[in-house]
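Structure first, commentary second.
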Amino acid sequence: MAYAVHMFTTKATEKDAEMYPDNARLSLCSKVSIVSSTLLLSVHLTSLCLLVKGNKISCDHYVPALAAEILQVISWIITIIVLCRTLTKNYLIFPGILRFWWVCSFLITACHVAVAFNFVMDNHGQLRIQEYADFLGFFASVSLLVISIQGKMKIAHDSARSNLTEPLLNGETGKKFKGKVESLYSKATLLDLVTFSWLNPLFVIGKKKPLEQDEIPEVDVKDSAAFLSQCFNENLKQAKEEEGITNSTSVYKAIFQLAWKKAAVNALFAVISAFASYVGPYLINDFVVFLSEKKHSSLKTGYLLALGFLGAKVVETIAQRQWIFGARQLGLRLRAAMISQIYQKGLMLSCQARQSHTSGEIMNYMSVDVQRISDFVWYVNTLWMLPVQISLAIYVLHTSLGLGSLAGLAATLVVMSCNIPLTRTQKKYQSKIMDAKDARMKATSEILRNMKSIKLQAWDNQFRHKLESLRNIESSWIWKSLRLGAVGAFIFWGSPTFISIITFGACLLMGIPLTAGSVLSALATFRMLQDPIFSLPDLLNVVAQAKVSADRVSSYLQGEEIQQDAVKFVSKDKTPYAIDIEGGKLSWDPNSETPTLDNINLQVTRGMKVAICGTVGSGKSSLLSGLIGEIPKISGTVKISGSKAYVPQTPWILTGNIKENILFGSPYDAAKYDRTVKACALLKDFELFPQGDLTEIGERGINMSGGQKQRIQIARAVYQDADIYLLDDPFSAVDAHTGTQLFQECLMEVLGDKTIFYVTHQVEFLPAADLILVMQDGKISEAGTFKELLKQNIGFEVLVGAHSQALDSVLKVEGDAAPVAEMDYVLLVYAILSIISSICVLVRASVLAYAGLSTAQKLFENMLHSVLRAPMSFFDSTPTGRILNRASSDQSVLDLEMAQRLGWAAFSMIQLLGTIAVMSQVAWEVFLIFIPVTAICIWYKQYYIPTARELARLSEIQKAPILHHFGESLSGAATIRAFDQKDRFINANLVLVDGFSRPWFHNVSAMEWLSFRLNQLSNFVFAFSLVLLVSLPDGIINPSIAGLAVTYGINLNVLQASVIWNICNAENKMISVERVLQYTELNSEAPMIIDDCRPPNNWPTTGTITFQNLQIRYAEHLPSVLKKITCTLPGMKKIGVVGRTGSGKSTLIQALFRIVEPKEGSIIIDDVDICKIGLHDLRSRLSIIPQDPTMFDGTVRINLDPLQQHSDNDIWEALDKCQLGDLVRAKEGRLESTVVENGENWSVGQRQLFCLGRALLKHSSVLVLDEATASVDSATDGVIQKIINQEFQERTIVTIAHRIHTVVDSDLVLVLSDGRIAEYDSPSKLLEREDSFFSRLVREYSTRSQTFNNTAKLEG
């Protein structure tokens, strides 16, 4: 033994111990290790001397005992030498072999103490020097055991710690850590860790005032998201290399590698706690015997027994608190690692994988599934401790009842066998619950994202019914799961009494005598066994949930990623080309027979301007996506040389201020920033915004106009100063003047020396291109300069001709202007009472489950109605993640946890009061000690609650930003990848995860802080009662009744901790109820229907719209957006609304639909004041084709006719009119063809055509076109305008457009400027005045196109 310690310690010192900086100082652990080792050496030297002197030993083998003591002395001498040598070197932790030896030493010493205790009891409590030495050595070995688990030798100064974290954090993440409070946990001493006193400074702050996020200390380095994410990535990579491919096994291996060390430490504490918990039942028989024979026994024996009870309870409570805290800490680590991994995977998912894992599902993985996996960690010790506890229980029963214990074992196994069908069924229910939740969250996410369109189209009720039906499916599965849980509760709550009846019955049949001591010992054992069996239903439920969740997350992490080799990056010195594509064959669906892009051959030299045009759905956007590696490559090569910047067709704007969106993580350069802002025509917008470029942008840029969002993301690309720019239809959302400025100052000047690919439907921008690519059916049908393509005369002239006709129209207008006895009876009564009790438990569990689910369902319905009826200003200012968090994790708490928590709090309180009553009945003096102890408990709770409540609140608040940031990152994943910003966004996610971990970690630590103190108080009460029972004169107390009091008192610490734990847990979970209730009381829009003010069924008939002194503002503290608008739009006329970007055009439309309510003035349609009728009556009678095209997950039919009011013939007719008929007929499902989330499998232009189809089906008297054709080519635009003119001849058409030719043929033109009416007249009259605003717009448009027009005529 000594030789092994010497050899391995010397080698392991260099291998196992970590080096640490020179400025480290000795920790308390190092000092205690020296003292404890020296003390143990002294103990064994004393034992050796006593043996040599011939002192009596507790065994009959003298020579082995002497040899063992000699080896122990030698081993501890070597240990001290190695320890001293190790302490002189700069090591972070103790050598592994030394820590292993201390663990073995603890086990040996514990066996010594057990033997010594037994020896003392046999000798009627007579203690010798040997026993005193053994007890002293036991405490020293316990200290070394704790040190071996803690492992730290030295404590570094702050500079060393900052160096340790520096490689893990960089960029913005590092900056955000500045000013944070240093981790209290990492600086804690051993005593602080045991007593959780390291939290005291936080409680001092929390007691004085409500805690703020920046006052909460940091988590330890090993608990930080950066460290854990790095570890998990390495483990997953290693597991993948071993497996050869990423599968569920490799994910499980990575989780195991991350968790097993901490889990092993928790397991050790759990074992110690389990063993210590059964010391009490083991000693009860001896205690009853002592009280029965008090006349013949020494009081010292009684006090020694009391000390044994107390020592076991202290060890049990310390170990229990440590393993529970460790399990929570491990759950935090797993959650941080999994969230980070899910986020990283979300940034790398391929298009195919995204279609199988929608945003709502991925949100559920992060919010619900990860939580369930981390909850499982808390229960995992219970899983494997159960057989250990059963074994200990059977051993204790065997000492009291002999062979009767076998009957107890058989009964226990019968109860355990009931788990199998329950577990299987529960797992199936959990899978169904999660599937239903995914479907509901997917629909909720989609509805929230498209809330504006839903309100405009008056689809509120339709989508509310959809969510209610999905919720009903979910709640039906939850009810089945809860009913099964109630049955499980009936079985398992009755199982301890069932086991006791079987055991005692077997004893009677076998003739085993049942004394008071043996019965009480058995009952105490059953009560100890009751706790793990009681927790078994919860455990099975958690295991089933965790397995389902782990499989779901594992499946997601195995999802296909973006093809890494789709694009090959070549250094600039190796190629003259910026873009080089040879034989490119790419497809969004690699399994499809028809590729998205085929036979693409393209070489673009540096500095070229390449324009891409073509009809809707021809592959223009897909070509750009192929250049940034978004589309899987089937064959060919795609090479790119230089950095790239990407501007998607649908603007992607981050929540934050405008400046942050433009900088996009790059350092601020004033000159470059000013040049960028000026080139992107944003200066005037900054003047209009209340805080300039520091104005906060709502989620998805919802409080910005389409043109403003487009220019902000163009500015973001320009500021990056990349080599290659990929712009997907950048001019569609801006007016003619702004478009010209962007093209000239931005593309041609600021980006003059850059390589630019720009998709455009505005043909006037084509002549300036060095190369024009005409796309058709996924192929480059034509390529060349503008002159070359006109000469070829093979299709390009269709686009040119459409534009020429539009331009001619503009120029034309411009030119025109119990006792042992009777045991069988007692057993019968006991059995009857047990059965009645179990039936009551079944009723209680069923009623609780029903009441809980009914309440959760009612709260959900109230929240759903309140949110859907909230005004758009609520959605503008509230991140979607915050709403989804309430609908997902908070609702899950209401569904599955809240009622259970309240039930447990009530039941544990009843149990505690019952225990106090029993103990007070035996010795009323015990009740006196309960009064001050209860007062102390109440004081502790009052001291704890303010800090804990704020920590729980902050942890819930910090959860929403994680989901919100994840949702934004998912929607802009292509942009993030194109800008090579993955690392920055991943680091931002890590900061947010740590922001959540900090309050959560300190909240669970605070719970352990309180539980530890209350446990020790209950131990004090228990010890007091034992001393009282021992000290009272013989004959005053019946020994059997006293034993009963001790039987109940053993669980006093567990009960008291359970009461506080359940009350605090219920109070913390009540935050979810508060958060849901908060969303049931939102400010509502005007009523959907006002019975007293309903318009006629045929309203509106002519569609005359009158604005009277209309003023609109988005909030009370903001300036008016529309200012005193007074005009009349005559019915059955076509009115064009034009103006610069941000002039108030879209706000006017929102006012027409009452998305924003007028501050002053009124809007009257056909003599009906729209502010006096219901919103549904208003919005359902008007039609709109919005600026942002909206499509929902489902089918073509559902997207065209969500209310299912039209026949197939009507739908096909509408499809043909909006140029989509042939495309839909070509699909296999035809009208049942799939539309994925957000319509991602259709181009933006096709989505706008779908919106036109809806308007054609609705056929209202008033049609509003808000940039309805911005994303389609000129030829398609011409066809659409023709269809609109034909189908809505006798209708009022209000058109907002930046393409002048779409409004020049209007009957009237309304020109807005800075929220006021600048001009309002017929186009011809406005053009007669050369200084009119409209004339300037037409001149800008015609001037911009003049070169093109002349070129076209020349080539023609």
If you define the side chain from C-beta out and look only at heavy atoms, does anything of [X] sit under 4.5 Å from [Y]?
X	Y	answer
Ser969	Leu347	yes
Leu951	Leu202	yes
Cys231	Phe227	yes
Leu894	Phe860	no
Phe196	Arg321	yes

Are the ring centres of Tyr185 and His1002 closer than 6.0 Å?
->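 Not close enough - the centres of the two rings lie 6.0 Å or further apart.
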
Mind running salt bridge (Lys or Arg N to Asp or Glu O under 4.0 Å) on Lys209 and Glu215 for me, showing each step along the way?
-> CA-CA 11 Å; Lys209 67 181 189 66; Glu215 294 173 328; 2.4 Å; yes

Candidate pair Trp1009 and Ser1005, rule side-chain contact (heavy atoms from CB on, under 4.5 Å), full reasoning | CA-CA 6 Å; Trp1009 178 93; Ser1005 302; over 6 Å; no

To the nearest 0.5 Å, tell me how far [X] [atom1] sits from [Y] [atom2].
X	Y	atom1	atom2	result
Asn266	Gln322	CG	CD	9.5 Å
Phe966	Leu884	CZ	CG	12.0 Å
Ser445	Arg449	OG	CZ	5.0 Å
Arg953	Gln958	CZ	CD	9.5 Å
Leu349	Leu970	CG	CG	8.0 Å
Ser374	Leu334	OG	CG	7.5 Å

Flag for [Y]-[X]: side-chain donor and acceptor within less than 3.5 Å:
X	Y	value
Gln1078	Arg886	yes
Asn1015	Ser1011	no
Thr880	His964	no
Ser554	Gln558	yes
Gln341	Ser229	no
Asp192	Thr189	yes
Thr975	Gln981	no
Arg1013	Gln1016	no
Tyr252	Asp551	yes

Pair Phe376-Val543, side-chain contact (heavy atoms from CB on, under 4.5 Å): steps then yes or no = CA-CA 6 Å; Phe376 168 73; Val543 170; 3.7 Å; yes

Before giving the answer on side chain to side chain donor-acceptor pair (under 3.5 Å), spell out for Glu897 and Ser892 the whole-Å C-alpha distance, their side-chain angles and the decisive distance to 0.1 Å.
-> CA-CA 7 Å; Glu897 294 186 51; Ser892 290; over 6 Å; no

Carefully, step by step, assess Arg328 and Glu1008 under the rule salt bridge (Lys or Arg N to Asp or Glu O under 4.0 Å).
-> CA-CA 10 Å; Arg328 294 294 189 191; Glu1008 295 306 318; 5.7 Å; no

Considering only NZ, NE, NH1 and NH2 on the basic side and carboxylate oxygens on the acidic side, decide whether Lys237 and Glu234 come within less than 4.0 Å.
->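 No, no charged N to carboxylate O under 4.0 Å.
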
Give a yes or no on whether a salt bridge exists between Lys1069 and Glu1074, defined as a side-chain N under 4.0 angstrom from a carboxylate O.
->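 Looking at Glu1074 together with Lys1069, the answer is no, because their closest N to O distance does not fall below 4.0 Å.
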
Over 12 non-hydrogen atoms of neighbours within 6.0 angstrom of NZ in Lys261 =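 Not more than 12 within 6.0 Å, no.
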
Would Ser186 and Lys222 satisfy side chain to side chain donor-acceptor pair (under 3.5 Å), going step by step from the backbone distance to the final call?
-> CA-CA 9 Å; Ser186 60; Lys222 291 185 179 178; over 6 Å; no

Is the NZ or CZ atom of Arg333 both under 6.0 Å from the centre of the six-membered ring of Phe232 and within 45° of that ring's axis?
->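 No cation-pi geometry.
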
Within 45° cone of Trp1000 ring axis and under 6.0 Å: Arg335 NZ or CZ |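 Geometry flag: set, cation within 6.0 Å and 45°.
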
Classify the ring geometry between His965 and Tyr343 as parallel (under 30°), tilted (30 to 60°) or perpendicular (over 60°).
->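 The rings of His965 and Tyr343 lie parallel, inter-plane angle below 30°.
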
Do the rings of Phe664 and Phe979 sit parallel, tilted or perpendicular, given the 30° and 60° boundaries?
->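 Ring orientation, 0 to 90° scale: perpendicular.
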
Would Ser340 and Leu228 count as a side-chain contact (heavy atoms from CB on, under 4.5 Å) if you check the C-alpha gap in whole Å, the side-chain angles of each, and the deciding distance to 0.1 Å?
-> CA-CA 9 Å; Ser340 303; Leu228 295 166; over 6 Å; no

In this structure, which one of Trp198, Tyr943, Tyr940 forms a ring pair (Phe, Tyr, Trp, His ring centres under 6.0 Å) with Phe203?
->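 Single pass found, and it is Tyr943.
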
